[in-house]
Amino acid sequence: MEDRYGGGKESAWRAGFQRKYFSRVVAVLRSGRIENATSASARIRTVKFAADLSMAMTSRGRTAWSRAILGKYIIRLKRSRCQLRVVKSRGNLHGIRTSASGKSSPCKRTAVCKKLARRFLGNSRHRGLKGTGVTVASRMQTLRLLIPGSHGLDTPVFLKEAADYIVALKMQIQAMQALADSNSGAHAAWQV
Amino acid sequence: MDPDFGVERQAFEAVPDSKSLVSLHSSLSCSFNTMDTIFCDESRYSQKCTGEFGEIASQNAFGGAPESIISNAGGAFFADPSFAAKYLQKSSFSPVMAKETSNADGSGSIGGPNVPILANSVQFHTPSVKNSVNARRWRNLEASHLGSEVSKFGIGSVPSALVQFPSDPGFVEQAAKFSPFNNIDRNSSENVVCGASNLPPIVGGVQQGGGENMSVFSEPTKCVDDGNGKKRRAKSLTSAENSKEPEEAKAKRCRLGESSEIDDDDNNDETSDSNSKKGKEKNSNVSQKDDNYIHVRARRGQATDSHSLAERVRREKINQRMKFLQDLVPTCNKVTGKAVMLDEIINYVQSLQHQVEFLSMKLATVNPKLDFNIDNFFAKEMSGSFSSKGMSPTYFHLDQLKQASLQTVPSPGSDIPSTMSSVDSAEMFDGTNFQRQEGWDSELQNMYNMGLLQSRLQQHQHQQRPL
C-alpha cells in the first residue's frame with residue numbers, strides 16, 4: 001500500500017486527483033442523458049451519479065465504499081439497458097463484504113435522520129444504552145450509515161475506509177468546484 | 001549453629017511471599033561470606049538447610065512442587081526451585097550429580113573433589129541459564145505473577161535432575177550469587193565478576209564453550225563484594241536476555257489480517273515509545289516467513305493471554321487509525337476522546353456530502369448542455385491518465401496522505417495549467433468522446449471481470465430493489 005507512493009507522493013496524489021477529474025468529465029459525457037433529463041432533480045441525480053461513479057472508478061474498487069457505489073450504479077445501468085448478466089463467482093472478496101449497504105437514498109436518509117435525532121435528543125429507549133444515551137458505538141453506527149459499503153466491516157477496517165472516503169470526497173469536491181468554475185467562469189483564464 | 005545461617009533463616013521466615021526473594025537472596029549471600037565457615041560445618045549445615053528450606057519453601061507461594069523437589073534432593077536447598085531447575089537442566093550435569101549425590105549421602109564432606117565438580121557444574125549451567133527462556137522468566141518472577149510464572153516453569157520435568165543435586169552449601173552459595181534476583185542492572189555489558197576475576201573466566205569460558213575452569217571455587221573466598229557479584233551475574237543474564245529478546249518465548253503469535261504495513265509502523269512506534277522499567281519492549285514483526293503472523297510481546301505488568309494480547313494489538317490499531325482520522329478532519333485537533341471525535345467526523349462527512357450535492361446541482365443547472373469545451377484541453381491528459389494504470393487509487397497512507405491532502409487544498413486550478421497541452425484538441429474532442437464512451441464501458445466490463453462486483457451483483461439480483 002505504501003510502496004506505491006515510494007517516489008513522489010504529491011505527484012501521485014495529484015495524478016490521482018487529475019484522474020478523478022477527468023474520469024468525472026468522461027462519466028458525465030458518457031451518461032449523456034443529462035440532455036435528455038427534463039426535470040432538475042433528474043439532472044442533479046445524473047450529475048451526482050456521474051460524480052460518485054467517477055470517484056469510485058478512481059478508487060478502482062479497492063475500497064469498500066467504491067465497490068458499493070459502483071455496484072449500486074452498475075445495477076442501475078444494467079437495468080436501464082435491460083441487461084442483467086450473471087457473473088460467475090470467481091472467489092470471494094477478501095475480508096470485506098459489501099453487504100446491502102447500497103441502500104436507496106430515502107431509506108438511508110431516514111435511518112441517518114433517526115440516528116441523529118436519537119443522538120441529539122438523547123433517546124435511549126431503543127437500545128438500552130448505558131449512560132445518557134449516545135455512546136461511541138452509536139456514533140460508529142451513524143458513521144457506518146454515512147459511508148457506503150461499510151456495513152459489514154470490522155472497526156479497524158471501517159476506520160480505514162472512512163479515512164479513504166473522506167479523502168476521496170475532498171478531492172471530488174475540489175474537482176467539481178474546478179469544473180463549475182471553469183464552466184461558469186471566464187474561458188480566457190484557462191487559455192493562458 | 002552457624003550464626004550466618006541463623007541470620008539467613010530469619011530472613012527466610014520473614015519472607016511471607018515470593019516477591020521478597022530479592023531480600024532473601026541478598027541475605028543469603030551475606031550470610032555466606034566465606035566458604036571456609038560453611039565448609040567446616042557442612043554436614044550439619046546441609047541437614048539444617050534442607051529442613052529449613054523445605055519447610056520455608058513450602059510456605060512460599062510456589063506450591064507443592066518445591067517441597068517434593070527439596071525433599072527428594074535430600075539437601076538440595078534452593079529456596080527457589082525454579083532457580084535450581086535452571087541449573088539442572090543440562091543433561092551433562094547428571095554424571096556430576098551422581099558423584100555429588102554419593103558425596104552427599106556420605107559425609108557430605110566438601111573439599112577438593114567437590115570444588116572442580118561444582119566448577120564444572122557452574123560452567124555447564126551458565127550457558128543454559130543464559131540462553132534459556134527460563135532466565136527471563138526468572139527475572140519476571142521478581143515483578144509479576146509469580147505463581148503463574150512458576151507454574152509455567154515446568155518444574156515437573158526437572159525433579160529427576162534435582163534429585164541428584166548435591167547438598168552442597170558451597171554450591172548454594174554459588175547459586176545464590178548467580179541469582180538474578182538482585183539488583184538487575186541492564187545497562188552493563190556482561191561482565192560477571194565476583195570481586196575478582198574468577199567469574200568472568202567462567203562466563204567467558206562458558207560462552208565460548210571453553211574448557212573447564214577449576215579455579216572457580218578457589219576464588220570465592222576472595223569474593224568480597226557479593227552484591228556486586230550477583231549484580232554482575234544478573235547483568236550477564238539480562239544482557240543475554242536482551243540480545244535474545246526479539247526471539248524469545250512469551251511472544252504470542254497473533255494471526256492477524258493483511259494490514260501488515262500499518263502494523264509495522266504501529267509497532268515500531270510502540271517499540272520506540274515503550275520504556276518499561278525493565279526494558280521490555282513490545283516487538284511485533286511481520287515475519288516474512290509466516291504469512292500474516294504478527295509476533296507480539298507482552299508488556300511488563302500486563303496479562304499474557306493470547307486473547308488480551310490480540311485485543312491489545314487490535315485496540316492499538318484502532319487507536320492509530322483514529323489518530324489518523326483526527327488529522328484528516330480539520331476540526332478534530334483540539335478534541336480529545338473518541339466520542340466527540342466521532343461526532344466531529346460524522347459532521348464533517350455529512351458536510352462534505354452536502355457540498356457534493358450542492359456542487360452537482362450547480363453543475364447540472366449552470367450548464368445543461370454540458371459544454372465541456374474547456375475540457376478539450378485535457379483530452380490528451382485524459383487519454384494519458386486512462387492508459388496509465390500506475391496511479392494508486394487508494395489514498396490511505398498515514399503521512400503521505402496527510403501531506404497530499406494538504407497540498408491539494410490550494411486550488412486545483414493550479415493543476416490545470418500544468419496539465420494543459422498545446423495540442424489543438426477541438427478535433428480530438430469527438431474522437432476522444434467516442435473513444436471515451438467505449439472506454440468507459442470497457443472499464444466497467446473490466447471491473448466486472450475482475451470479480452470485484454460480483455458479490456454486489458448477486459445481492460442486487462436477489463433483492464431486486466427498485467432504485
Side-chain angles (χ1 to χ4, degrees), chain A residues 1-2 4-5 9-10 12-19 22 25-26 28-30 34 43-44 47-48 51 58-63 67 70-71 74-76 87 89-90 93 98 100 104 136 139 142-143 146 155-156 159-160 163-164 166-167 169 172-174 176 178-180 182-184 190, chain B residues 257 261 317-318 321 324-325 328 338-339 342-343 346 349 352 355-357 359-364 366-367 370 372 374-375 378 381-382 385 391-397 400-401 403-405 407-408 412-413 415 419 433 436-437 440 444 447-448 451-457 459-460 465 467:
Chain A
M1 219 171 16
E2 297 154 5
R4 260 177 256 134
Y5 286 104
K9 312 162 190 174
E10 309 119 26
W13 182 263
R14 197 165 294 176
F17 169 72
Q18 286 171 8
R19 195 143 180 261
F22 298 141
V25 170
V26 168
V28 178
L29 284 173
R30 179 66 187 90
I34 198 164
R43 254 182 282 141
I44 291 169
V47 174
K48 208 172 163 207
T58 319
S59 191
R60 282 283 170 201
R62 286 210 180 96
T63 51
R67 281 192 288 265
L70 281 173
I74 282 184
I75 292 300
R76 193 205 232 173
V87 178
S89 65
R90 267 196 208 178
L93 296 168
T98 56
S104 52
V136 175
R139 290 179 172 100
T142 318
L143 201 53
L146 281 177
T155 309
L159 289 177
K160 177 174 149 188
D164 231 0
I166 287 174
V167 167
L169 273 184
Q172 189 182 29
I173 286 172
Q174 285 173 5
M176 287 177 72
L179 261 180
S182 69
N183 282 321
S184 62
W190 301 117
Chain B
E261 300 93 349
K317 257 207 299 191
I318 290 176
R321 290 179 188 185
F324 180 64
L325 274 174
L328 209 51
K338 271 197 213 171
L342 280 176
D343 262 346
I346 287 171
V349 168
L352 283 181
Q355 252 183 322
V356 167
E357 202 171 332
L359 277 173
S360 68
M361 199 167 59
K362 190 175 171 189
L363 273 176
V366 165
N367 43 356
L370 283 180
F372 285 105
I374 306 305
D375 300 311
F378 314 116
E381 291 301 327
M382 277 158 55
S385 68
M391 296 311 151
S392 129
T394 48
Y395 311 108
F396 185 77
H397 174 57
Q400 294 163 358
L401 198 55
Q403 294 172 9
S405 60
Q407 281 168 5
T408 51
D415 295 335
T419 61
N433 190 9
R436 286 310 131 228
Q437 289 180 5
W440 188 250
L444 290 176
M447 297 204 67
Y448 262 132
L452 291 172
L453 303 169
Q454 44 90 15
S455 65
R456 292 210 38 82
L457 191 58
Q459 280 178 356
H460 281 285
R465 250 183 293 120
L467 284 175

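Within every chain, numbering begins at 1; the chains are lettered A, B, ... in the order of the sequence lines, protein sequences first and strands thereafter.
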To the nearest 0.5 Å, what is the distance between [atom1] ([X]) and [atom2] ([Y])?
| X | Y | atom1 | atom2 | answer |
| --- | --- | --- | --- | --- |
| T155(A) | I318(B) | OG1 | CD1 | 5.0 Å |
| R139(A) | K338(B) | CZ | NZ | 12.0 Å |
| T142(A) | L342(B) | OG1 | CG | 9.0 Å |
| L352(B) | I173(A) | CG | CD1 | 4.5 Å |

- Task: Check V136(A) against A339(B) and note the closest heavy-atom contact, atom names and distance.
- Result: CG2-CB, 3.9 Å

